[in-house]
Visitor: 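The structure that follows is given in the form of structure tokens.
Counting begins at 1 with the first residue of the sequence.
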Amino acid sequence: MLSGGLVASSTKIQPASLQPLLRLYGEGLAQTNQLIQSTADSSILLIPKVAHHLLDAGGKRIRSLLLLASADLVCQLSGTAYQQQKILNLSAAVEMIHTATLLHDDVVDNSTLRRGKPTANKIWDNKLPILVGDYLFSCAFMLMVKSESLKVLEMLSAVSAELAEGEVLQLQYEGDAGLSREIYQQIITAKTASLFRAASYAGAIVGCDDENLKQILKQFGHEFGILFQLIDDMMDYHVSADMMGKISGDDLREGKVTLPLIILREKLNEAQQQWLADVISKKEANDNDLAKIQELMTQYHIAEEMRGEIAVYGDRLNHSLEKLADGAPKQSLPIIDALHQAVQFSLQRIY
């Protein structure tokens, strides 16, 4: 559970990038993208047009990279064969699930910008993105079946339901300034961490039968997802729209209460808390409201506290990688180092 206040951390933020992962799995990622292109194809021309509007807009493909790396790593550690086509199918499936949820989320949130481009719902209205998102979910399940693993199919099916639960739970608490840390944790676990967890766990399931390895990778994906969402929520108040690829302050305008607001609320006096509650509940915060909240966050050092919360997960991720590296064969160490670099790259976004 998220702790209160600033948390000391041994995580050291050093220059890092996704390049080590991309060097190792760039070819696998290219094959994943080709598989997505062919699977999402349809004679109904609007389907690929809407799907590729978002798919071709970029994105780090971090979930696919996690899956490819996890599968490769457990094969190296356990001495099992790398089942390339099954792993590529799952890599594409996870990315298609993610894309489908983004199409749906942008409709629910009435978003106008995604990855620096106008959202699909902004261009085509709401009906098409919803239907194309459903189509991508169906395509993802076809790919999941090809993995020939009932355990993977069961797990990813459950995660698909969990993603929807997370979005509904967030919608249920929109405009509620009293949102607790516990409910916030439930929301980000379901809507973000679940698919990160699924990516690394699916790769491990296909890669080996070692239950200990699978659990370490499953936990690694979960904590990476929490880290990713905490960073995203912090950046919504502290980073420009140009850097984020979406409009900063969107969470506030939509009445979404995230951890930066929860920490701020805990520090305000009664009158300030009432003002904040009014701003959140109306779901129509303007630029002046956002500027005042950012000023209060600076005054109460919210960024520093967020970094402390985030660093806890950075430490946990590094600890998981240390466990994997302990006694690992030499050929697996570049994968572990690349995952470490990916964690550090994520942490760099807030420094």
Visitor: Looking at Gln272, I'd like to know if its CD atom is crowded, meaning that more than 12 non-hydrogen atoms belonging to other residues, nucleotides or ligands lie closer than 6.0 Å.
Guide: yes
Visitor: Carefully, step by step, assess Lys256 and Asp176 under the rule salt bridge (Lys or Arg N to Asp or Glu O under 4.0 Å).
Guide: CA-CA 8 Å; Lys256 293 178 182 176; Asp176 185 350; over 6 Å; no
Visitor: Would you say Gln76 and Ile336 make side-chain contact, with heavy atoms under 4.5 Å?
Guide: no
Visitor: Backbone N or O of Pro260 within a donor-acceptor pair of the Arg265 side chain at under 3.5 Å?
Guide: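 Here the side-chain-to-backbone pair does not exist.
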Visitor: Can any side-chain N or O of Asp106 pair as donor or acceptor with the backbone N or O of Leu103 at less than 3.5 Å?
Guide: no
Visitor: Which pair of heavy atoms, one from Val159 and one from Ala198, lies closest together, and at what distance?
Guide: CG2-CB, 3.8 Å
Visitor: A cation-pi test, strictly: NZ or CZ of Arg349 under 6.0 Å from the centre of the six-membered ring of Phe228 and no more than 45 degrees from its axis. Yes or no?
Guide: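 Relative to the ring axis of Phe228, which defines the angle, Arg349 lies inside both limits.
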Visitor: How about His340 and Gln344: do any of their side-chain heavy atoms sit closer than 4.5 Å?
Guide: yes
Visitor: Considering residues at least two apart in sequence or located in another chain, which fulfil the side chain to side chain donor-acceptor pair (under 3.5 Å) criterion with Gln84?
Guide: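 Checked Gln84 against side chain to side chain donor-acceptor pair (under 3.5 Å); matches are Gln31.
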Visitor: Could you check whether Arg316 makes a cation-pi contact with Tyr313, meaning its NZ or CZ is under 6.0 Å from the centre of the six-membered ring and within 45° of the ring axis?
Guide: yes
Visitor: Going by distance alone, is a donor N or O of one side chain under 3.5 Å from an acceptor N or O of the other, for Ser91 and Ser64?
Guide: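 Ser64 and Ser91 do have a side-chain donor-acceptor pair below 3.5 Å.
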Visitor: Just how far is it from atom CG of Leu18 to atom OH of Tyr25, taken to the nearest 0.5 Å?
Guide: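 Result: 13.5 Å between the selected atoms.
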Visitor: When you check the side-chain N and O atoms of Ser147 and Ser149, is any donor under 3.5 Å from an acceptor?
Guide: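 Ser147 vs Ser149: no donor-acceptor pair found between side chains.
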Visitor: Do we see a donor-acceptor contact under 3.5 Å between the side chains of Tyr237 and Asp251?
Guide: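 No - no donor-acceptor pair under 3.5 Å links their side chains.
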Visitor: Does the pair Glu162/Arg197 count as a salt bridge with the N-to-O cut at 4.0 Å?
Guide: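 Looking at Arg197 together with Glu162, the answer is yes, because their closest N to O distance falls below 4.0 Å.
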Visitor: Do the side chains of Phe220 and Leu66 get nearer than 4.5 Å, heavy atoms only?
Guide: yes
Visitor: Can a salt bridge be assigned to the pair Asp287 and Arg253 using a cut-off of 4.0 Å between side-chain N and carboxylate O?
Guide: yes
Visitor: Looking at Lys292 and Glu295, does any basic side-chain N land under 4.0 Å from a carboxylate oxygen?
Guide: no
Visitor: Under 3.5 Å, is there a donor-acceptor pair between the Gln85 and Asn89 side chains?
Guide: yes
Visitor: Looking at Thr189, Thr258, Asp233, which one forms a side-chain hydrogen bond (donor to acceptor under 3.5 Å, both in side chains) with Tyr184?
Guide: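 One option only clears the test, and that one is Asp233.
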Visitor: Hey, what do you get for CG (Leu324) to CG (Leu217), rounding to the nearest 0.5 Å?
Guide: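 Answer for the CG-CG pair, Leu324 versus Leu217, is 6.0 Å.
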Visitor: Is there side-chain contact between Ser160 and Ile97, with heavy atoms separated by less than 4.5 Å?
Guide: yes
Visitor: Quick one about Glu270 and Gln274 (side-chain donor to acceptor, distance below 3.5 Å, no hydrogens or angles considered), yes or no?
Guide: no
Visitor: To the closest 0.5 Å, what do you measure between NE2 (His222) and CG (Leu227)?
Guide: 11.5 Å
Visitor: The test is salt bridge (Lys or Arg N to Asp or Glu O under 4.0 Å); show your working for Glu154 and Lys151 and say whether it passes.
Guide: CA-CA 5 Å; Glu154 288 175 343; Lys151 187 170 183 178; over 6 Å; no
Visitor: Measuring from Ile302:CD1 to Ile293:CD1, what's the distance to the nearest 0.5 Å?
Guide: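 Answer for the CD1-CD1 pair, Ile302 versus Ile293, is 11.5 Å.
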Visitor: Could you walk me through whether Gln219 and Glu223 satisfy the side-chain hydrogen bond (donor to acceptor under 3.5 Å, both in side chains) test, starting with their C-alpha distance in whole Å, then the side-chain angles of each, then the deciding distance to 0.1 Å, before giving a yes or no?
Guide: CA-CA 6 Å; Gln219 188 66 19; Glu223 289 173 347; 2.9 Å; yes
Visitor: So how far is it from Leu29 CG to Gln34 CD, rounded to the nearest 0.5 Å?
Guide: 10.5 Å
Visitor: Count I, L, V, M, F, W, Y as connected when their side-chain heavy atoms are under 4.5 Å apart, and connections chain through other members. Are Met142 and Met96 then in the same cluster?
Guide: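 No, Met142 does not connect to Met96 through the hydrophobic network.
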Visitor: Heavy atoms only: give me the nearest Cys208-Val74 pair and the separation to one decimal.
Guide: SG-CB, 3.7 Å
Visitor: Decide yes or no on side chain to side chain contact (heavy atoms under 4.5 Å, CB included) for Trp275 and Leu268, but give the supporting numbers first.
Guide: CA-CA 10 Å; Trp275 172 81; Leu268 299 178; 5.8 Å; no
Visitor: Excluding sequence neighbours, so at least two apart, what forms side chain to side chain donor-acceptor pair (under 3.5 Å) with Gln83?
Guide: Lys86
Visitor: Test of understanding: with side chain to side chain donor-acceptor pair (under 3.5 Å), list the residues that count as partners of Lys267, not counting sequence neighbours.
Guide: Glu305
Visitor: Identify whether Ile183 and Ile263 are in the same connected component of the hydrophobic contact network (ILVMFWY, side-chain heavy atoms under 4.5 Å).
Guide: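 They do share one cluster, since a chain of ILVMFWY contacts under 4.5 Å joins Ile183 to Ile263.
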Visitor: Go through the side-chain N and O atoms of Glu182 and Gln186 and say whether any donor and acceptor fall under 3.5 Å apart.
Guide: no
Visitor: To the closest 0.5 Å, what do you measure between CG (Leu213) and NZ (Lys218)?
Guide: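 These two atoms lie 14.5 Å from each other.
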Visitor: Assigning hydrophobic clusters by single linkage (Ile, Leu, Val, Met, Phe, Trp, Tyr; side-chain heavy-atom cutoff under 4.5 Å), is Leu333 placed with Leu21?
Guide: yes
Visitor: Verify the neighbour count for atom CG of Asn269: are there more than 12 heavy atoms of other residues, nucleotides or ligands below 6.0 Å?
Guide: yes
Visitor: Side-chain contact test, heavy atoms from C-beta onward, threshold under 4.5 Å: evaluate it for Phe141 versus Leu156 and give yes or no.
Guide: no
Visitor: Under the side chain to side chain contact (heavy atoms under 4.5 Å, CB included) rule, what do Leu67 and Arg63 come out as? Steps first, then yes or no, please.
Guide: CA-CA 6 Å; Leu67 193 147; Arg63 295 158 189 82; over 6 Å; no
Visitor: Would a 4.5 Å heavy-atom cut-off, applied to side chains only, mark Val50 and Tyr135 as touching?
Guide: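 Result no, sub-4.5 Å side-chain heavy-atom pair not found.
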Visitor: Would you mind reporting whether Ile226 and Phe196 have side-chain heavy atoms less than 4.5 Å apart?
Guide: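 Counting from C-beta outward, Phe196 and Ile226 never come under 4.5 Å.
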Visitor: With a 4.5 Å cut-off on side-chain heavy atoms, are Leu296 and Gln299 touching?
Guide: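 Yes - at least one pair of side-chain heavy atoms lies under 4.5 Å apart.
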